[in-house]
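Some notes on the structure that comes next.
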Amino acid sequence: MHATPEQRAPLPESFYARGALRVARDLLGCVLVRRLGRQLLTGRIVETEAYVGMEDQACHARMGRTRRNAVMFGPPGRAYVYFIYGVHDMLNIVCAPAGRPEAVLVRAIEPVEGIASMRRLRGLVRPTALASGPGKLCRAFAITRRHNGADLRVPPLWVTHGTLQRGERVVRSARIGVEYAGKDADRAWRFYVDGNPNVSRARPARPLRRA
DNA sequence: CTTGAGATGCCCT
DNA sequence: GGGCATCTCAAGA
């Protein structure tokens, strides 16, 4: 089954300009594409989190603009990639018009093409563990801080339209690892495909709501 | 490992 | 007593 040109076309900037909450939901099922030399690595996005501007106490922009978070203040549809814990790169997508620092963290991907390369990049783990977390996915797709600011409509890294399959349901929960965020720690701003084995934490800590 | 907030210290006027 | 360079250190999805 081959993708049509339409399906392969990158999502336009307007898709990303609608605010992190809507975009986080709508990115589920869309396809991340990475060109590595002559090879394409692709996968369906199955888990995201919204980070919603300066008011959001979990958002990197909460203290205003700094050197690190500057790309969040720029145009939508760009990669905001940062390094954390001395170990992981994290891929975020800027999701509001310039000046509004909102972004979606891409947290898990279901590998589709280029799985052999992903295994090389990640080590020999279960296929469903190749990209089942924000740090893992950056490793599997060879995404690093060098991609910070990259336009996600052109190679080597872009996102194309995709849909959920029959029977796939979106659920939401609190975001992972934001306990420090006070009033915002419990907001249900994490979205994922219910039951998908590539999601980073299959078993939720708390009850879920249908999204 | 990086970041940035806060502390500390230094020199100016 | 303010502005700024430097340090220090906790915390980070």
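In what follows, chains are A, B, ... by sequence order, proteins preceding strands, each numbered from 1. Here the structure is a predicted model, which means the values were calculated and not measured.
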Using the test salt bridge (Lys or Arg N to Asp or Glu O under 4.0 Å), find all partners of A:E47 that sit at least two apart in sequence or belong to another chain. A:R107, A:R190

Under the salt bridge (Lys or Arg N to Asp or Glu O under 4.0 Å) test, residues paired with A:R187 that sit two or more places apart: A:D184

What I want to find out is whether A:E49 reaches A:R25 closely enough, with some N-O distance under 4.0 Å, to be called a salt bridge. no

Give me the first and last nucleotide of DNA chain C, going 5' to 3', that has any atom under 4.0 Å from a heavy atom of chain A. C:dG12 to C:dA13

Reading nucleotides 1-6 of chain B from the 5' end, what letters show protein touch, with B for base, S for backbone sugar-phosphate only, - for no heavy atom under 4.0 Å? BSSSS-

Salt bridge check: are A:R44 and A:E168 linked by an N-O gap of less than 4.0 Å? yes

Sequence neighbours excluded and cut-off under 3.5 Å, please list the side-chain donor-acceptor pairs for residues 10-20 of chain A, or say none.
unit_1, atom_1, unit_2, atom_2, d
A:E13, OE1, A:R78, NH1, 3.3
A:R18, NE, A:F15, O, 2.8
A:R18, NH1, A:D26, OD2, 2.8
A:R18, NH2, A:F15, O, 3.2
A:R18, NH2, A:D26, OD2, 3.1

Please classify the nucleic acid contact of A:R107 as base, sugar-phosphate, or nothing, using heavy-atom distances under 4.0 Å. base

Between A:Y82 and A:H60, what is the ring plane arrangement, given parallel below 30°, perpendicular above 60°, and tilted in between? tilted

So, A:D56 and A:R62, do they make that salt bridge, N to O below 4.0 Å? no

Show the atom names and distances, to 0.1 Å, of all donor-acceptor pairs under 3.5 Å that link a side chain in residues 94-101 of chain A to residues at least two apart or in another chain.
unit_1, atom_1, unit_2, atom_2, d
A:R100, NE, A:E102, OE2, 3.4
A:R100, NH2, A:E102, OE2, 2.9

